[in-house]
Structures are given as C-alpha cells and as structure tokens.
A.B. asks: 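Would you mind keeping the following structure in view while I ask a few things?
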Amino acid sequence: MAGITTDAWMLDQGPARQAAAKPEPARLRRGPFSFSNITEDEVLAEPIYGCWEANMAHALERAPIDVCRHRGEAEVVIGNAGVVRILQVGEAVKTVNPGDLCIVFCNGIWDRFGYPEKILAYDAPQTMGVLAKRIKLHSRQVIAIPHKTRHSLQQWAAFSLRYITAWANWKQAYGCWRLQTDEAQEQRPIVWGWGGGVSLAELSLAKWFGCEAAMISSDEKRLGKISRMGITPIDRRQFINLEFDERRYAADKEYQQAYLAAEEVFLNLVQQKTGGAGVSIFADYIGAPVWRATLKALSRRGVITTAGWKAGMKLSTVRAIECMSWHTHVHTHYARYSEGVEAMHFAEEKGWLPPLAGEEYGWDYIPQLAEDYAGRRLSTYFPIFQVNPL
C-alpha cells in the first residue's frame, strides 16, 4: 500500500528491562518516518511552528510511561502543540481547505461527548505530532486560524495546547466556584497559580473575568513577565524549602523543620495578600510537593483545580477537612473541540494569547531544545521551534 515518508525527529521504544526499573531518559533520533495516506476524514499538513510542551519532556523521560511501549509501537513522533499548513484534505472534510493555516487540536481519542480520553502524539496510538516535516491528522485535530488574524503564528503555536487547556479548566473551576458563592458575597475572586504556561494562561484569563490574580515563580525573568501582564508576582524563593515529601517528612527531623518553616512563610504571605480570606481558586499544575500547602491556602468554599502535573501525581487528603471547608477539587484533561473553537474566538477578539520573546529553535536544533528544557535553562514559558518555512 502506498504511503508517505518524511523527515522526522523520533522517539524510540525503551528496552524491556527498563519497564520495572527507573528508565534511562531517551534522546530523539532523526530519520525517515513513514505513514499511510490520509483517509476521507483526515488531512495532510506541514507543521510550520511548534511549541515544546511538558508532555514531550515526560515522553523523553519515559515517565510515567514509555509512550512507545504503551502504544505498542517501535517509534513515535511526538509534539502536540503547533501551527500547520493544510496540504490535502479527505473527501469528507468540511472544516478546512488546502492552504489554510491551523492550530493543532491535540484531542487524540475522544468519548461520545467529545471529552479527551487519550492525547494526540502522546498516548493515543497511531497518532503523530509536529516533529515531522509532513503529518496527517483527523479533521477534528485542526482548527483554522482566522485569515486576517492580528496575532503571530508563533503565538498561535504556543496557544494551541496550553491556552486551550487553560480555557477548559478555567470554565469548569470558575463555574464550580460560582455555584456556591453569590456575587454579592464576594465581588472579586482571588486566584493564585503554581506552574508554567497553563497557569499563566489561566491567571491571565481570570483577570478578564474580573479576578485578582497572583502567580508564583522563582525565576527573575518570569517574575518580571508576570508583573508586566498585570498579575501579582509571588517570589517562590521566599519559601524555597516548600517541597513536601511525605516519607522524608516522617523520617528526617531537620527536613521536617525546614519544610514547616517554609510552609509558615507561605501561608502567612497568603493571609497577608488575601486580607485573611484565603485563595478562592488555586490552579496547581505542580502536584505533590505543594499540594499540602495549597489546600491550607484555600478559602472556605475554595476551588483547587488542575489539568496536569509536573512533580508528583499521587496525592493524599483528609476528607473530613475538605468536606467541612466545602472545598471543590477540579480535574480536567485538555478540552472538547467546541471549547477549542470558543477559546480561539475569545483569543482573537480579546488578544488573550501568549506573550512571546526570545529565540526560536531551528529544525536541526530540536535535541538542544529538549536538553535546555530538561535542564531548566529556559526562562520562557513557551519555547518555540520552526519545522518548515512559512
């Protein structure tokens, strides 16, 4: 059967012996990658720009899963945020046309209501991402960019995963908070965030909804960027030892004391900044190291919300305290197609897109980008790379 072969950066399946042990991080391998011709519901596209995402780093770390082994495939092309140009469309495709510039919408496999079950170019089998010169996608995995957009393609590339994730998560979290809080009781919800690009997107969206927003970071350049966006910057270096490890906390008295001191500084700062009210909605994209402190920082009837994790998936709570505090825990996973369209319309109209600055990585330097991201040598929340010329 005829197919298509293209130049790609690929992730190879790890050794079987690593499945039960701590895996060695993978390195991307460049070479020819082949895939079948498009079907009636698919499009053939050429990526223009991509944005490096946390899930790509997880894939290279083979944590929490070896993506290739999980999918039963020897090699996988990752990369699920970007802008593509449509080259060819299947007979049944009505939403886009050849020549259109589109964002990648990375819902890989969805349920009957459209909610994502698996993510494109990550755990969804037989899907591919933007680390290839040519790719094929389902027609519901691309959304056309407005023809006369006021915004750059690099911004749309960075928008495609993080900002759409933020849109769907905020919609749920804000709705939950409003369900149990009359507007007359609290006019301006207080919204804080841990994490990176999704948190920044969600906090900037919260501002559009009239909320007081604050974001935590330990990077000087990021703190400046947060401030310029009208979000209150919170310097994490004030409580740098706020990294909770349950086993170490129980066994190491010195560590326990250092953690408790950091937690006290953090919670006192929360009380100071919120006038004693606590945080109304806390977006936590970090996970276990900050979970305990985040729950303590929430107001009564507060909402803790996330659509991912960076450090530690397994969490514990005291259900009685959460119940008595009327805390709501929101978990989402990317977005439905309709929410992607909503988010794009809002972004084009309001200018709600990532602020970009800094160098772009060329096609030949993708492995260097992966290393720089893993080594935390990037101050940008949105690392952009180019695949094909515009």
A.B. asks: Check this for me: His345, atom NE2, are more than 12 non-hydrogen atoms of other residues, nucleotides or ligands nearer than 6.0 Å?
C.D. replies: no
A.B. asks: Would you say Glu212 and Lys273 make side-chain contact, with heavy atoms under 4.5 Å?
C.D. replies: no
A.B. asks: Between Trp110 and His138, is the ring centroid distance below 6.0 Å?
C.D. replies: yes
A.B. asks: Does the cation-pi check pass for Arg292 over Tyr249, that is, NZ or CZ under 6.0 Å from the six-membered ring centre and within 45° of its axis?
C.D. replies: yes
A.B. asks: Could you walk me through whether Ser218 and Arg237 satisfy the side-chain contact (heavy atoms from CB on, under 4.5 Å) test, starting with their C-alpha distance in whole Å, then the side-chain angles of each, then the deciding distance to 0.1 Å, before giving a yes or no?
C.D. replies: CA-CA 5 Å; Ser218 59; Arg237 291 170 294 188; 3.9 Å; yes
A.B. asks: Do the two ring centres, one from Phe346 and one from Trp167, sit under 6.0 Å apart?
C.D. replies: yes
A.B. asks: Taking the six-membered ring where the residue is Trp, are the ring centres of Trp352 and Phe159 under 6.0 Å apart?
C.D. replies: yes
A.B. asks: Checking side-chain contact (heavy atoms from CB on, under 4.5 Å) for the pair Met10/Arg30: CA distance, chi angles, key distance, verdict?
C.D. replies: CA-CA 6 Å; Met10 291 165 282; Arg30 186 175 177 178; over 6 Å; no
A.B. asks: Give the C-alpha distance, both sets of side-chain angles, the deciding distance and a yes or no for side chain to side chain donor-acceptor pair (under 3.5 Å) between Lys221 and Thr380.
C.D. replies: CA-CA 8 Å; Lys221 290 183 178 178; Thr380 178; over 6 Å; no
A.B. asks: Rounded to the nearest 0.5 Å, what's the gap from CG on Leu353 to NE2 on His151? Could you check?
C.D. replies: 5.0 Å
A.B. asks: Using a distance-only test with no angle check, is there a side-chain donor-acceptor pair under 3.5 angstrom linking Gln13 and Glu75?
C.D. replies: no
A.B. asks: Counting C-beta onward and ignoring hydrogens, is there a side-chain heavy-atom pair between Asp235 and Leu223 closer than 4.5 Å?
C.D. replies: yes
A.B. asks: Side-chain heavy atoms under 4.5 angstrom apart, residues restricted to Ile, Leu, Val, Met, Phe, Trp, Tyr: same cluster for Tyr163 and Tyr49?
C.D. replies: yes
A.B. asks: Can you list everything that forms a side-chain contact (heavy atoms from CB on, under 4.5 Å) with Arg27? Sequence neighbours excluded, please.
C.D. replies: Glu371
A.B. asks: When rounded to the nearest 0.5 angstrom, what distance separates CZ in Arg140 from CG in Leu120?
C.D. replies: 14.0 Å
A.B. asks: Does NZ or CZ of Arg222 fall inside the cone over Tyr381's six-membered ring, less than 6.0 Å from its centre and within 45° of the axis?
C.D. replies: yes
A.B. asks: Same cluster or not: Trp291 versus Leu260, using hydrophobic residues (I, L, V, M, F, W, Y) connected whenever any side-chain heavy atoms lie under 4.5 Å apart?
C.D. replies: yes
A.B. asks: Got a donor-acceptor contact below 3.5 angstrom from the Ser299 side chain to the Val279 backbone?
C.D. replies: yes
A.B. asks: Would you say Pro47 and Lys133 make side-chain contact, with heavy atoms under 4.5 Å?
C.D. replies: no
A.B. asks: Determine, for Glu342 against Lys171, whether the closest basic-nitrogen to carboxylate-oxygen distance falls under 4.0 angstrom.
C.D. replies: yes
A.B. asks: Have Thr5 and Ser34 got a donor and an acceptor in their side chains that come within less than 3.5 Å?
C.D. replies: yes
A.B. asks: Could you go through the side-chain contact (heavy atoms from CB on, under 4.5 Å) check for Leu161 and Asn80 one step at a time?
C.D. replies: CA-CA 7 Å; Leu161 192 155; Asn80 41 27; 3.3 Å; yes
A.B. asks: If I take atom CE from residue Met229 and atom OG from residue Ser204, how far apart are they, to the nearest 0.5 angstrom?
C.D. replies: 4.5 Å
A.B. asks: For the pair Phe266 and Trp192, name the ring-plane relationship: parallel under 30°, tilted 30 to 60°, perpendicular over 60°.
C.D. replies: perpendicular
A.B. asks: Would you check if Val104 and Val130 make a side-chain contact, meaning some heavy-atom pair closer than 4.5 Å?
C.D. replies: yes
A.B. asks: Counting distance only, does the side-chain N/O of Asp252 pair as donor-acceptor with the main-chain N or O of Arg248 below 3.5 Å?
C.D. replies: no
A.B. asks: What do the steps show when you test Glu202 against Tyr285 for side-chain contact (heavy atoms from CB on, under 4.5 Å), and what is the final call?
C.D. replies: CA-CA 11 Å; Glu202 195 151 347; Tyr285 287 86; 2.8 Å; yes
A.B. asks: Check for a donor-acceptor pair, side chain of His70 on one end and backbone N or O of Pro125 on the other, with a separation under 3.5 Å.
C.D. replies: no
A.B. asks: Report yes or no: does Ser199 contribute a side-chain atom to a donor-acceptor pair with the main-chain N or O of Trp194 at less than 3.5 Å?
C.D. replies: yes
A.B. asks: Decide yes or no on ring-ring contact (aromatic ring centres under 6.0 Å, His included) for Trp309 and His333, but give the supporting numbers first.
C.D. replies: CA-CA 11 Å; Trp309 59 278; His333 190 44; over 10 Å; no
A.B. asks: Going by side chain to side chain contact (heavy atoms under 4.5 Å, CB included), Trp170 matches just one of Val330, Ile281, Leu203. Which one?
C.D. replies: Ile281
A.B. asks: Would a distance-only check, ignoring hydrogens and angles, find a side-chain to backbone donor-acceptor pair under 3.5 Å from Thr305 to Ala283?
C.D. replies: no
A.B. asks: Would you say the ring centroid of Phe105 lies under 6.0 angstrom from that of Tyr334?
C.D. replies: yes
A.B. asks: Taking Thr181 for the side chain and Arg178 for the main chain, is one N or O donor matched with an acceptor at less than 3.5 Å?
C.D. replies: no
A.B. asks: Would a distance-only check, ignoring hydrogens and angles, find a side-chain to backbone donor-acceptor pair under 3.5 Å from Asn169 to Ala166?
C.D. replies: no
A.B. asks: Taking it one step at a time, do Arg319 and Glu322 satisfy salt bridge (charged side-chain N to carboxylate O under 4.0 Å, His left out)?
C.D. replies: CA-CA 5 Å; Arg319 292 183 69 180; Glu322 297 308 290; over 6 Å; no
A.B. asks: Measuring from atom CH2 of Trp9 to atom CG of Leu369, what distance do you get when rounded to the nearest 0.5 angstrom?
C.D. replies: 11.0 Å
A.B. asks: Decide if atom OH of Tyr365 counts as having more than 12 heavy atoms of other residues, nucleotides or ligands within a radius under 6.0 Å.
C.D. replies: no
A.B. asks: Side chains of Trp363 and Gln386: does their closest heavy-atom pair fall under 4.5 Å?
C.D. replies: no
A.B. asks: Hey, is Glu246 close enough to Lys314 for a salt bridge, meaning N to O under 4.0 Å?
C.D. replies: no
A.B. asks: Please answer whether the main-chain N or O of Lys350 pairs with a side-chain N or O of Glu348 as donor and acceptor at a distance below 3.5 Å.
C.D. replies: no
A.B. asks: Hey, are the side chains of Val84 and Ile48 touching, using non-hydrogen atoms and a 4.5 Å cut-off?
C.D. replies: no
A.B. asks: For residues Tyr259 and Phe244, establish whether the separation of their ring centroids is below 6.0 Å.
C.D. replies: yes
A.B. asks: State, with a plain yes or no, whether a side-chain heavy atom of Arg301 is found less than 4.5 Å away from one of Trp177.
C.D. replies: no
A.B. asks: Is there a donor-acceptor pair closer than 3.5 Å between any side-chain N or O of Arg71 and the backbone N or O of Thr127?
C.D. replies: yes
A.B. asks: With side chains defined as the heavy atoms from C-beta onward, is the minimum distance between Val43 and Gln88 less than 4.5 Å?
C.D. replies: no
A.B. asks: Check whether Arg85 reaches the backbone of Leu390 with its side chain - one donor and one acceptor, N or O, closer than 3.5 Å.
C.D. replies: yes
A.B. asks: Check for me, please, whether Tyr174 and Trp326 land in the same ILVMFWY cluster - side-chain distances under 4.5 Å, paths through other members count.
C.D. replies: no
A.B. asks: What closest approach, in Å, do Leu11 and Ala26 show between heavy atoms, and which atom pair accounts for it?
C.D. replies: CD1-CB, 3.4 Å
A.B. asks: Let me confirm one number: the CG-OG1 distance from Asp284 to Thr294, rounded to the nearest 0.5 Å.
C.D. replies: 4.5 Å
